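Data block below; observations after.
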2 protein chains.
Amino acid sequence: MSASVKDVALQAGVSVGTVSNVLNHPGRVSPDTVKRVQKTIADLGFVRNDAARQLRAGDSRTIALLVFDAANPFFADLARGAEDAATTEGYQVIVANTSESLERELSYLDLFEEQRVRGILISPYGDVEPRLHALKKFGIPSILVDRVSENQGFSSVSVDDVAGGSIATEHLLQKNRRKIAFVGGPLDIPQVRDRLLGARSAMESQPEASLIVLETLATTVLEGRRVGHSLLAMDEADRPDAIFAANDLVALGLLQALVAAGDIAVPGDIAIVGYDDIDFATSAIVPLTSIRQPSALMGETALKLLKEEASNSGMKPRKVVFQPELIIRSST
Amino acid sequence: MSASVKDVALQAGVSVGTVSNVLNHPGRVSPDTVKRVQKTIADLGFVRNDAARQLRAGDSRTIALLVFDAANPFFADLARGAEDAATTEGYQVIVANTSESLERELSYLDLFEEQRVRGILISPYGDVEPRLHALKKFGIPSILVDRVSENQGFSSVSVDDVAGGSIATEHLLQKNRRKIAFVGGPLDIPQVRDRLLGARSAMESQPEASLIVLETLATTVLEGRRVGHSLLAMDEADRPDAIFAANDLVALGLLQALVAAGDIAVPGDIAIVGYDDIDFATSAIVPLTSIRQPSALMGETALKLLKEEASNSGMKPRKVVFQPELIIRSST
DNA sequence: ACCCTGTTTTGAAACGATTCAATTATGAAT
DNA sequence: ATTCATAATTGAATCGTTTCAAAACAGGGT
């Protein structure tokens with residue numbers, strides 16, 4: 001159907017080897033020949049078949065980025081960072097979204113293995129380290145983003161979530177809040193767990209303060225709204241006077257539910273801190289205090305680590321940890 | 001390095017053809033043999049090489065989705081719709097983001113051509129129809145999303161942006177606003193142009209009302225904020241009393257700038273209508289009136305159209321147009 | 001025994017690039 | 001003229017699958 005390297009060779013009066021060289025090592029070919037072959041390529045509309053290229057050459061230019069919630073702007077920013085870095089490095093990034101399904105997560109990993117991608121950037125949802133180990137043995141390195149390796153087996157780029165949780169909670173305590181609720185989940189997601197852990201450790205400095213945990217099924221706006229409504233239904237005396245939300249989406253959902261009702265003031269009755277500092281936190285109904293993570297920089301860093309690991313498979317895992325930053329706005 | 005179909009064949013005591021059949025047409029192979037081969041595959045950790053598969057079989061299972069702003073939740077929703085549909089159809093979607101760069105847009109199209117993807121879903125940024133035509137001739141169909149084909153050459157899934165613009169503007173007029181500003185850009189993006197067109201046509205019913213256009217460089221929160229500040233700097237008498245923003249991101253940016261200043265009330269002094277009805281519109285500082293598009297459904301529909309076109313290349317282009325819906329909230 | 005009809009299985013021939021050892025051209029130096 | 005070193009070109013072998021015509025097998029029915 002479409003022209004192959006052989007057709008080009010025939011038409012240009014050279015051998016297939018020369019055509020391939022024009023494509024991949026133009027320096028080895030005389031300038032005249034390069035020009036002639038390129039003209040023929042244009043005339044015939046030849047387009048190199050990447051499957052054949054990859055089969056023979058053995059290396060892919062594609063890097064996969066696997067996240068569990070592409071709707072979260074935090075991941076969109078992270079992806080952009082990775083993509084920008086990839087473009088300058090000559091790689092291509094494909095983004096896949098598992099929508100918080102372990103099944104999909106594994107099935108995408110299978111796919112990437114069949115495709116022999118050059119490497120994987122993953123913000124894991126389930127317990128995939130064993131699978132990633134197998135991939136590594138197979139020759140496909142992974143970098144964990146927004147999470148550290150459980151057993152030091154992988155390089156990672158993350159933010160100190162324990163510190164973040166602690167900063168957020170300290171801030172609330174400092175504002176004289178004493179009945180704090182942590183809203184987020186599921187709790188087996190490490191990011192969520194660590195943020196909670198940080199919150200707990202901050203609580204220790206204030207023995208008379210209490211922390212309750214309201215677990216959600218996902219860290220989404222919808223779940224936040226759900227919890228918000230359940231807070232409205234609560235007896236006023238029992239209500240917390242502050243909330244630390246596991247991420248901004250949950251925080252925004254809470255805000256929607258609480259503020260829409262009109263009889264709960266933020267931060268008057270309840271102060272709220274979110275996490276991620278997404279763009280929309282600024283323009284929220286009550287501009288949201290949040291913990292900022294350098295999302296694009298994280299994506300960029302992860303890609304660079306991966307690049308090194310891909311070209312030098314014997315490397316020791318490295319761990320880059322960024323520090324989170326408290327951004328104070330009206331919600332506290 | 002890794003086991004091939006030949007290794008499996010050898011180890012299992014069958015021919016390579018049989019191994020391939022176990023993989024692709026298990027019905028043709030006796031149950032015993034299937035079981036034996038599958039065990040060997042597991043033992044050897046064989047993973048099919050997709051490049052080889054695609055080279056020989058000639059067809060790819062991959063569909064590309066190319067958008068110009070992955071940070072816009074509208075596109076994230078659209079992508080999710082397409083992904084979900086793809087999974088059930090046995091396809092895989094890879095998402096690529098051009099960040100509003102024509103150069104990147106073309107370079108991704110080149111890449112997809114080399115990869116012989118099964119088809120392309122694209123929300124075009126620049127004038128890519130000629131390029132898409134070439135791809136079609138080459139055997140790669142495209143579906144336009146969120147935009148119709150200029151010359152009827154391609155199937156498309158879109159929302160009637162002219163109607164949307166008109167609905168939004170009528171709503172403002174009905175609220176007795178007479179000095180309306182359209183904020184968005186660049187104006188050569190068809191979506192923006194059409195929304196403006198709709199606004200203009202709605203204006204005709206109110207000759208004494210005026211429409212000014214404040215063009216932005218991109219439809220982002222940042223640009224919205226920039227325009228917002230320039231409005232603040234304006235003489236109060238000259239200020240518009242209503243804004244129709246080309247999308248919700250711009251509207252949220254405007255809100256941030258206007259409301260933060262404190263001396264402009266929304267909707268008191270200026271009413272605002274956005275476009276897309278993203279999740280965050282609800283939880284905005286002033287919940288945003290917006291024009292809703294069925295984003296996930298659009299993605300799903302686009303994928304289905306593509307699937308049909310991929311298996312039957314002679315099809316006439318079809319055009320699916322959804323109707324936009326006005327969602328009224330506090331900002332008007 | 002033999003024929004016939006399905007089922008299974010086989011294995012060589014693609015697919016379209018890249019690679020690399022071998023060959024040929026080029027031209028400067030003697 | 002001849003030699004030699006270097007540059008440019010060749011083309012067969014290879015990557016790991018799938019395909020498909022042909023061969024082998026199984027098991028009734030006569």
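Values below: every heavy atom of this structure, side chains too, minus hydrogens, waters and symmetry copies. Every value quoted in this text rests on a predicted model; they were computed, and no experiment measured them.
- Residue B/V5 is classed as a base contact, given a heavy-atom separation below 4.0 Å to a base.
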Verdict with reasoning, A/Q115 to A/S60, per side-chain hydrogen bond (donor to acceptor under 3.5 Å, both in side chains): CA-CA 8 Å; A/Q115 298 190 150; A/S60 154; over 6 Å; no
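- Checked against B/R118 for a side-chain contact (heavy atoms from CB on, under 4.5 Å), the options B/D59, B/I140, B/T62 give a single hit: B/D59.
- Every pair tested for salt bridge (Lys or Arg N to Asp or Glu O under 4.0 Å) that includes a residue from residues 9-27 of chain A fails, sequence neighbours excluded, so the list is empty.
- Of the residues in residues 36-61 of chain B, those lying under 4.0 Å from DNA chain C by heavy-atom distance are B/L55, B/R56.
- By the salt bridge (Lys or Arg N to Asp or Glu O under 4.0 Å) test, A/D84 pairs with A/R80, B/R104, sequence neighbours left out.
- With hydrogens and angles ignored, the 3.5 Å screen pairs a side-chain donor or acceptor of A/S4 with a backbone N or O of A/K6.
- Residues satisfying the side-chain contact (heavy atoms from CB on, under 4.5 Å) criterion with B/S295, sequence neighbours excluded, are B/F74, B/D77.
- With hydrogens and angles disregarded, a donor-acceptor distance shorter than 3.5 Å links the side chain of B/N24 to the backbone of B/S20.
- Each side-chain hydrogen bond (donor to acceptor under 3.5 Å, both in side chains) pair with one or both residues in residues 133-146 of chain B, not counting sequence neighbours, appears once here: B/D146-B/Q191.
- Taken over five-pair windows at either terminus, the axes of the helix from C/dA1-D/dT30 to C/dT30-D/dA1 are inclined to one another by 60° (rounded to 10 degrees).
- For A/E83 (side chain) and B/N97 (main-chain N/O), a donor-acceptor pair under 3.5 Å exists by modelled atom type.
- In this structure A/R28 satisfies the salt bridge (Lys or Arg N to Asp or Glu O under 4.0 Å) test with no other residue, sequence neighbours excluded.
- Not counting sequence neighbours, A/K35 has no partner by the salt bridge (Lys or Arg N to Asp or Glu O under 4.0 Å) test.
- Every residue was checked against the salt bridge (Lys or Arg N to Asp or Glu O under 4.0 Å) condition with B/E129, not counting sequence neighbours, and none meets it.
- Considering only side-chain N and O atoms, A/T33 lies under 4.0 angstrom from the phosphate OP1 or OP2 of D/dT9.
- Running 5' to 3' along DNA chain C, contacts with non-hydrogen atoms of chain B at under 4.0 Å begin and end at C/dT8 to C/dG16.
- Taking a cutoff of 4.0 Å between a charged side-chain nitrogen and a carboxylate oxygen, A/K39 and A/D43 qualify as a salt bridge.
- The aromatic rings of B/F75 and B/F68 sit perpendicular, their planes meeting at an angle over 60°, well past the 30° parallel limit.
- Only A/G17, A/S20, A/N24, A/H25, listed by number, bring a heavy atom of residues 10-26 of chain A to less than 4.0 angstrom from any atom of DNA chain C.
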Per-nucleotide protein contact string for nucleotides 22-27 of chain D (B base, S sugar-phosphate only, - none; heavy atom under 4.0 Å): ------
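- Using modelled atom types, one side-chain atom of A/T301 and one backbone atom of A/L297 make a donor-acceptor pair closer than 3.5 Å.
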